[in-house]
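In what follows, every heavy atom counts, from backbone to side chain, and hydrogens, waters and symmetry copies are set aside.
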Amino acid sequence: GPIIFKQERVGIHNKKFNMYKFRTMKVQTEDEEKKGWTVKNDPRVTKIGKILRKTSIDEIPQFFNVLMGEMSFIGPRPVTTPELEKYGDKSDFILSVQPGLSGMWQISGRSDTGYEERITLDSYYIRNWSMWLDLWIIIKTIYVVVKGKGAY
């Protein structure tokens, strides 16, 4: 399939947008794409895709989303509409801020954490936002990307 993968995500104030990534998986049907998260050793991930994910290079096209004003550098990770249902009564709170390339969830285990922890981390970030917290997340993001922690 095309090298750039786009997927509809939900952003600030429930505004939908296309988030871009480098393709790391084999082309899927629309129903397969809606299933959400990948798992360790996911057979849909290509050999090159494993490297792109481990190094987070697959996220580079999201800088376009930042330039377009759909995302920020730091904030809760944008979710798909089916994922948003898992947020329950916290969904409006999470969607009250711009989604980000990196955030509390990404530096705290990424795919190794479940939705409850993700919601807690995102909520913590929103309630405690400061420039210092953003700076700490940026520094920790560099460390996590180098280590490849939680990326699969």
Side-chain angles (χ1 to χ4, degrees), residues 1-87 90-115 117-119 121-122 125-126 129 133-135 137-152:
I3 193 168
I4 300 291
F5 170 76
K6 71 177 182 177
Q7 186 179 47
E8 186 177 87
R9 297 289 177 117
V10 183
I12 189 168
H13 306 305
N14 213 20
K15 185 179 177 197
K16 294 187 173 50
F17 69 96
N18 285 320
M19 186 181 81
Y20 299 97
K21 296 176 90 169
F22 285 126
R23 180 174 297 283
T24 59
M25 300 176 105
K26 298 171 186 160
V27 176
Q28 303 168 58
T29 66
E30 193 171 316
D31 287 339
E32 288 173 324
E33 282 183 18
K34 289 180 181 179
K35 289 182 182 175
W37 279 12
T38 57
V39 294
K40 270 188 180 173
N41 302 315
D42 192 323
R44 300 172 296 168
V45 178
T46 64
K47 290 177 184 178
I48 293 172
K50 287 178 186 179
I51 295 166
L52 294 176
R53 285 173 175 234
K54 193 75 169 168
T55 59
S56 295
I57 291 172
D58 63 320
E59 308 286 345
I60 290 174
Q62 289 166 42
F63 283 102
F64 178 76
N65 293 112
V66 172
L67 291 172
M68 296 300 294
E70 299 161 330
M71 292 175 65
S72 64
F73 285 108
I74 307 297
R77 194 75 179 138
V79 295
T80 63
T81 300
E83 286 177 306
L84 191 60
E85 294 171 10
K86 297 176 182 179
Y87 282 71
K90 298 266 192 207
S91 62
D92 287 340
F93 181 64
I94 301 298
L95 296 177
S96 70
V97 300
Q98 196 82 333
L101 284 169
S102 187
M104 295 294 294
W105 172 70
Q106 292 89 321
I107 64 169
S108 302
R110 294 159 86 173
S111 296
D112 289 336
T113 61
Y115 267 98
E117 188 173 358
R118 181 177 178 173
I119 294 165
L121 291 164
D122 287 343
Y125 172 78
I126 295 167
W129 178 87
L133 180 57
D134 277 1
L135 181 60
I137 291 170
I138 290 167
I139 292 167
K140 187 92 189 253
T141 297
I142 294 166
Y143 173 78
V144 168
V145 168
V146 169
K147 290 286 188 180
K149 183 180 180 197
Y152 47 82

>> Do Gln106 and Thr141 have side chains that approach each other closer than 4.5 Å (heavy atoms only, starting at C-beta)?
In response: no
>> Once rounded to the nearest 0.5 Å, what's the spacing between atom NZ of Lys6 and atom CZ of Phe64?
In response: 10.5 Å
>> Using side-chain contact (heavy atoms from CB on, under 4.5 Å), reason through Arg23 and Ile4 one step at a time and then give a plain yes or no.
In response: CA-CA 5 Å; Arg23 180 174 297 283; Ile4 300 291; over 6 Å; no
> side-chain hydrogen bond (donor to acceptor under 3.5 Å, both in side chains) with Tyr87: which residues, sequence neighbours excluded?
Replying inline: Arg118
>> Side chains of Glu8 and Asn18: any donor to acceptor distance under 3.5 Å?
In response: no
> Does Glu83 use its side chain to pair, donor to acceptor, with the backbone of Thr80 at less than 3.5 Å?
Replying inline: yes
>> Applying salt bridge (Lys or Arg N to Asp or Glu O under 4.0 Å), can you list everything that pairs with Glu59, at least two apart in sequence or on another chain?
In response: Lys21, Arg77
> Counting distance only, does the side-chain N/O of Arg9 pair as donor-acceptor with the main-chain N or O of Phe17 below 3.5 Å?
Replying inline: no
>> Return the CG to CD1 distance between Asp58 and Ile51, rounded to the nearest 0.5 Å.
In response: 12.0 Å
>> Rounded at 0.5 Å granularity, tell me how far CG in Leu133 sits from CD1 in Ile74.
In response: 8.5 Å
>> With heavy-atom distances below 4.5 Å as the criterion, would you say the side chains of Ser72 and Val66 are in contact?
In response: no
>> Please give me the minimum heavy-atom distance between Lys86 and Ile119, naming the atom from each residue.
In response: O-CD1, 3.6 Å
> Do you know the tightest heavy-atom contact between Ile12 and Ser96?
Replying inline: CD1-O, 3.8 Å
> Atom CD1 of Ile107 and atom CD1 of Ile142: how far apart are they, to the nearest 0.5 Å?
Replying inline: 11.5 Å
> When you look at Trp129 and Asp134, which way does the side chain to side chain donor-acceptor pair (under 3.5 Å) test go after all the steps?
Replying inline: CA-CA 7 Å; Trp129 178 87; Asp134 277 1; 3.0 Å; yes
> CG/Leu101 to CE/Met71 distance, rounded to the nearest 0.5 angstrom?
Replying inline: 4.5 Å
>> What's the separation between atom OG in Ser102 and atom CD in Gln62, rounded to the nearest 0.5 Å?
In response: 10.5 Å
> In terms of side-chain heavy atoms, does Gln7 have a donor or acceptor partner in Tyr20 at a distance below 3.5 Å?
Replying inline: no
>> Against Thr24, only a single residue in Lys50, Arg44, Lys54, Arg53 fulfils side-chain hydrogen bond (donor to acceptor under 3.5 Å, both in side chains); can you say which?
In response: Arg53
> Under a 4.5 Å cut-off applied to non-hydrogen side-chain atoms, are Pro61 and Phe22 in contact?
Replying inline: yes
